[in-house]
S.K.: 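Submitted below is the structure of interest, expressed as structure tokens.
Start at 1 and go down the list; that is how both ligands and their atoms are numbered. From a predicted model like this one, the values you see are computed outputs, not experimental measurements.
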Amino acid sequence: MQGIGRACGKIILAGEHAVVYGEPALAGSIDRWTQVKIQARPGPLEISTPNTPGTKLQDDPRLLRAFLCVLPEEGFSVQIQGDLWIGRGLGSSASLSTALIRAWNNLQGGTSSQSDLEQQVMQLETVFHGQPSGIDPAVILRQGLVRFERGARPQAQPLTPPKPLRLVVIDSGTAGDTAALVERVRSGHPENDGTIRAIGQLTHRIERALNTPDALGPLLTENHRLLQDLGVSTPTLDRIVEQVLQAGALGSKLAGAGGGGVVIALVDATCEASVLGSMSAAGYRAFATDLPTRATS
Ligand code: MEV
């Protein structure tokens, strides 16, 4: 008896951190995936991934606590696979949670409505990240580009730019801790209020510029400067932003919680190769993608 579930990743184009305080954020799904396979077998729950053979993931208390929101303590093994970078601001925990719940439903021959699934994923997200806004599950479950606003009733409004945005995604080489970074911004409250409001206003301008990449680029870079002001960037993230701009990117910012994770660079056909080349020459792994992608599963 086995069940399989898959879920994509996401990129935040604008508005991270400010979204926690009710400001809008824009985010889209990307064609990178997490797959979870659950198999019935006797004994305590076992969680593994071929990426780190021999590591008993069930020994990670936070991961185990999240998994036990869905699975019983005994009788199953779980294998996690996929090409979504972990801990890099690409929504890996929401993607894993969604894939896990889908795999469990698949094994049991059941289904969840979209809103039930979103609530279940949020329960796991709370274990992983403390007080998340809910933007990651909203995007991963809808698979497209959305404007997300938290509130008594969170709103995820689909956006349909005439053509996808072309991004290069660069791994800074270290993971950011979302829960710790959200807490750092919270502890700087209310001094951070002005910056949070400024990010919210900028996000509205970014949404209006979605159809014009030349106007959009500088606004994304401005969003990065505001995230620097919030204290969630790092010297490495700042260096990558400057390097991709020198290589011709139209705009660039950290994406996700920061403190590590990824930088995104808005590119077009004339600069994509030089941006990818400059990152490869500097020793960073990177890939190009459309935002959003057409869902493949
Ligand atoms: C993390 O993907 C985005 C943050 O805004 C936190 C959240 O919205 O839950 C940093």
S.K.: Give the residues near ligand 1 by chain and number, with the criterion being a heavy-atom distance under 4.0 Å.
M.R.: K10, I12, E16, H17, V19, V20, P132, S133, I135, D136, V182, A257
S.K.: Sequence neighbours left out, what passes ring-ring contact (aromatic ring centres under 6.0 Å, His included) with Y21? Give chain and number order.
M.R.: H189
S.K.: Could you list the residues that satisfy side-chain contact (heavy atoms from CB on, under 4.5 Å) with T160, not counting sequence neighbours?
M.R.: none
S.K.: Return the minimal non-hydrogen interatomic distance between G144 and P292, and the atom names on each side.
M.R.: C-CB, 3.6 Å
S.K.: Salt bridge (Lys or Arg N to Asp or Glu O under 4.0 Å) with E23: which residues, sequence neighbours excluded?
M.R.: R197
S.K.: Within 45 degrees of the axis of the six-membered ring of F287 and under 6.0 Å from its centre: does R32 put its NZ or CZ there?
M.R.: yes
S.K.: Determine whether the aromatic ring centres of residues W104 and F76 are separated by less than 6.0 angstrom.
M.R.: yes
